[in-house]
2 protein chains.
Amino acid sequence: MKKKREGKTTSKIFDDHDHGMCFDDAIEQIENYFLKKNLQFTPLRRKVFEILIRDHKPLGAYEILEALGRDGFSSSPPIAYRVLDFLMEHGFVHKIQGLNAFIACSNPNHSHSPAFVICRKCEKVAEVDEKKSGISFASANIENFEVEKTTVEMTGVCTTCSRAATI
Amino acid sequence: MKKKREGKTTSKIFDDHDHGMCFDDAIEQIENYFLKKNLQFTPLRRKVFEILIRDHKPLGAYEILEALGRDGFSSSPPIAYRVLDFLMEHGFVHKIQGLNAFIACSNPNHSHSPAFVICRKCEKVAEVDEKKSGISFASANIENFEVEKTTVEMTGVCTTCSRAATI
DNA sequence: CATAACATGTTATAACATAACACTATTAGT
DNA sequence: ACTAATAGTGTTATGTTATAACATGTTATG
Ligand SMILES: [Zn+2]
Ligand SMILES: [Zn+2]
Ligand SMILES: [Zn+2]
Ligand SMILES: [Zn+2]
């Protein structure tokens with residue numbers, strides 16, 4: 001019995017989402033990055049990234065594994081988790097904590113503290129930057145603490161879904 | 001084989017943590033709230049809250065279950081999850097997504113969007129408010145989206161731990 | 001080519017969470 | 001007080017997410 005995230009259709013992430021780059025651009029960017037950093041963009045890593053960037057929505061690790069299996073790759077859990085960890089280290093994938101799911105970065109190649117907007121009805125997710133979100137981390141200096149990583153997720157309902165509900 | 005969160009000592013949450021209220025105060029506040037709202041502060045709910053407020057650190061659901069078992073309560077998973085859901089609904093408990101753990105609220109009885117500061121070394125957690133965190137949600141109005149709930153967690157290293165590392 | 005470092009494959013298991021249903025206790029009407 | 005409805009708890013089973021440990025393959029380097 002599966003939980004959520006199964007038959008949802010995908011399109012633009014929210015009406016005003018800035019796709020930023022298409023599939024090909026994303027692949028090219030990650031290729032260049034790996035080349036520059038002397039990292040191996042192996043078939044497995046490429047495939048995992050392709051699966052995530054394909055329709056650019058959050059996928060659970062086991063959904064990614066299924067997709068890997070369909071494409072002839074091994075599909076035991078560590079395969080996915082290892083590659084996801086690697087891609088996250090280099091900023092090409094983020095984890096959505098509130099969904100236990102992973103999503104391709106909308107804005108790689110510049111260091112950033114991503115924030116996510118998550119519709120709890122259609123489960124679309126948009127990655128937004130500080131300015132767009134209205135959240136500022138700039139002054140997030142807690143006394144006696146060195147912040148290394150921030151998790152910011154805003155859950156709610158997108159206009160499309162709230163309109164649909166009132167029809 | 002257990003994972004993290006096992007033998008850590010507890011004291012104040014970070015050096016400058018404002019406890020806000022002691023154990024007895026916390027219990028009194030929750031009692032009053034339940035009374036006012038005509039909710040049942042049952043022995044089970046009281047015990048779960050006591051376990052969490054006792055040393056005021058994040059606990060996994062299964063740690064709470066163990067504590068319940070030790071105190072003569074049933075300790076099958078739904079027991080903990082149901083009570084935790086209930087306490088979270090009413091703002092007395094928060095979930096720390098990055099730790100899959102639950103913590104008693106440091107500032108109940110006023111609606112708030114909590115932010116958490118998490119030391120990845122000692123796993124102490126402080127609940128901070130917007131001003132203290134330097135994060136402002138005030139203008140977090142995303143176009144085409146109604147934000148209902150925010151998750152903000154800042155992970156890093158507290159001064160105590162970073163000092164300990166350089167000795 | 002040796003060898004070290006990196007990457008992947010595999011099995012097993014840990015850790016976290018919920019579904020479904022039974023039973024009990026409390027509350028609300030009559 | 002009786003009864004029905006609701007809320008709370010108990011129990012079993014299972015679903016879901018993630019990691020440990022170790023084996024094998026692959027790639028860079030001297
Ligand atoms: Zn990003
Ligand atoms: Zn939506
Ligand atoms: Zn709180
Ligand atoms: Zn610390």
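The shown structure was predicted, so the numbers you read here are calculated from the model rather than taken from an experiment. Below, chains carry the letters A, B, ... as their sequence lines are ordered, and counting in each starts from 1.
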Query - Residues B:Glu148, A:Arg120: salt bridge by 4.0 Å N-O rule - result: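 Salt bridge: yes.
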Query raised in the report: Any salt bridge between A:Arg46 and A:Glu31, counting N to O under 4.0 Å?
Result: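 Between A:Glu31 and A:Arg46 there is a salt bridge, with a charged N closer than 4.0 Å to a carboxylate O.
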Requested in this report: Could you name each residue pair satisfying salt bridge (Lys or Arg N to Asp or Glu O under 4.0 Å) that touches residues 100-111 of chain A, not counting sequence neighbours?
Outcome: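 Qualifying pairs: none.
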When you measure from the side-chain N and O atoms of [X] to the phosphate of [N], is any distance below 4.0 Å, counting only OP1 and OP2?
X	N	value
A:Ser74	C:dT10	yes
B:Thr42	D:dT9	yes
A:Arg82	C:dA7	no
A:Lys95	D:dA18	yes
B:Ser76	D:dT12	no
A:Lys47	C:dT8	no
B:Asn100	C:dA17	yes

Using modelled atom types and a 3.5 Å cut-off, is there a donor and acceptor pairing between side-chain atoms of [X] and backbone atoms of [Y]?
X	Y	value
B:Glu127	B:Pro114	no
B:His56	B:Ala104	yes
A:Gln29	A:Ala26	no
A:Glu153	A:Gly98	yes

Please give, in whole Å, the distance from [N] [atom2] to [X] [atom1]?
X	N	atom1	atom2	answer
B:Phe34	C:dT26	CZ	P	16 Å
B:Glu66	C:dA14	CD	C1'	13 Å
A:Leu44	C:dG9	CG	C1'	10 Å
A:Leu99	D:dA18	CG	P	11 Å
A:Leu68	C:dT8	CG	C1'	12 Å
B:Phe41	C:dA25	CZ	P	20 Å
A:Leu59	D:dA18	CG	P	13 Å
A:Arg46	C:dT8	CZ	C1'	17 Å

Donor-acceptor pairs are to be reported for all side-chain atoms of residues 34-45 of chain A against protein atoms at under 3.5 Å, with residues two or more places apart or in another chain.
unit_1: A:Thr42; atom_1: OG1; unit_2: A:Arg45; atom_2: N; d: 3.3
unit_1: A:Arg45; atom_1: NH1; unit_2: A:Gln40; atom_2: O; d: 2.9

Protein N or O to nucleotides 27-30 of chain C N or O, pairs below 3.5 Å:
none

Only distances under 3.5 Å count here; give the side-chain donor-acceptor pairs of residues 69-77 of chain A to other protein atoms, sequence neighbours excluded, each with its distance to 0.1 Å.
unit_1: A:Asp71; atom_1: OD2; unit_2: A:Lys47; atom_2: NZ; d: 3.0

Query raised in the report: Has the side chain of A:Tyr81 got a donor or acceptor atom sitting under 3.5 Å from an opposite partner on the base of D:dA20?
Result: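 A donor-acceptor contact between them is absent.
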**Report entry** Whichever of A:Pro78 and A:Leu39 has its nearest DNA chain C nucleotide further upstream toward 5'
**Finding:**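 It is A:Leu39 whose nearest nucleotide is closer to the 5' end.
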Kindly point out which of [options] is positioned nearest to the side chain of [X]?
X	options	answer
B:Tyr62	D:dT9, C:dC16, C:dT8	C:dC16
A:Arg45	D:dG10, D:dT9, C:dA7	C:dA7
B:Ile79	C:dG9, D:dT12, D:dT9	D:dT9

**Report entry** Pairs meeting criterion side-chain hydrogen bond (donor to acceptor under 3.5 Å, both in side chains) with involvement of residues 81-91 of chain B, two or more places apart
**Finding:**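 Applying side-chain hydrogen bond (donor to acceptor under 3.5 Å, both in side chains) to every pair that reaches into residues 81-91 of chain B, excluding sequence neighbours, yields B:Tyr33-B:His90.
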Query - Difference in axis direction between the ends of the helix from C:dC1-D:dG30 to C:dT30-D:dA1, five pairs, 10° - result: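 The angle, to the nearest 10 degrees, is 30°.
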